[in-house]
Amino acid sequence: MPATLFLLSISFLLGLLGLTFHRIHFMSILICIETMMLALYLMITTLSSFTNTATAAIMPILLLTMSACEASSGLALLVATSRTHGTDHMKTLNLLKC
């Protein structure tokens, strides 16, 4: 179990590193966030399978639901920004401009 949790925490940190260093395209940001959510889901699933409690069994399902909502809103924002700005480069987006 400790080796599995170590590898999952390393994958979460790699997603976080990708999020901090590769902020050129909006799509790469969304992929890094999904990597982090997948690592969190696998960690919570692993921990809930070892604890065998009823309250811990619902947590992976809730996280998966939130991850699906996050992915759909992220893709909707990607489509909206690519239609208005013509690209998904983060340098072309200015949040102060309406």
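Positions are given from 1, in the same order as the sequence printed here.
- Residues in residues 14-29 take part in these side-chain hydrogen bond (donor to acceptor under 3.5 Å, both in side chains) pairs, two or more places apart or across chains: His25-Asp88.
- Under a hydrophobic clustering in which Ile, Leu, Val, Met, Phe, Trp and Tyr are joined whenever their side-chain heavy atoms come within less than 4.5 Å, directly or via other members, Leu16 and Met90 fall into the same cluster.
- With values rounded to the nearest 0.5 angstrom, Thr35 atom OG1 is found 12.0 Å from Leu17 atom CG.
- A distance of 11.0 Å separates CG of Leu47 from CG of Leu42, quoted to the nearest 0.5 Å.
- To the nearest 0.5 Å, atoms OG1 (Thr4) and CZ (Phe50) are separated by 6.5 Å.
- Atom SG in Cys32 sits 11.5 Å away from atom CZ in Phe21 (nearest 0.5 Å).
- Placement of Ile33 and Met27 within a single hydrophobic cluster is found when ILVMFWY residues are connected by side-chain heavy-atom separations under 4.5 Å, directly or transitively.
- Atom CG in Leu14 sits 11.5 Å away from atom CE in Met36 (nearest 0.5 Å).
- Pro60 and Ser48 make their closest contact through CG-OG, 3.9 Å (heavy atoms, listed as atom of the first residue, atom of the second, distance).
- Hydrophobic clustering of Ile, Leu, Val, Met, Phe, Trp and Tyr side chains at less than 4.5 Å, counting indirect connections, unites Leu62 with Leu64.
- Linking ILVMFWY residues whenever their side-chain heavy atoms come closer than 4.5 Å, directly or via other members, places Met59 and Phe12 in the same cluster.
- Every residue two or more places apart in sequence or in another chain that forms a side chain to side chain contact (heavy atoms under 4.5 Å, CB included) with Ile24 is listed here: His89.
- Glu34 is listed as a side-chain neighbour of Ser67, based on a closest heavy-atom distance under 4.5 Å.
- Taking hydrophobic clusters as Ile, Leu, Val, Met, Phe, Trp and Tyr residues chained together by side-chain heavy-atom distances below 4.5 Å, Tyr41 shares a cluster with Leu5.
- A heavy-atom distance below 4.5 Å is not found between the side chains of Leu75 and Val79.
- Tested against Leu8, the residues Leu13, Leu38, Ile44, Thr46 include a single side-chain contact (heavy atoms from CB on, under 4.5 Å) partner, Thr46.
- Atom CG of Leu63 is separated from atom CD of Glu70 by 10.0 Å, given to the nearest 0.5 angstrom.
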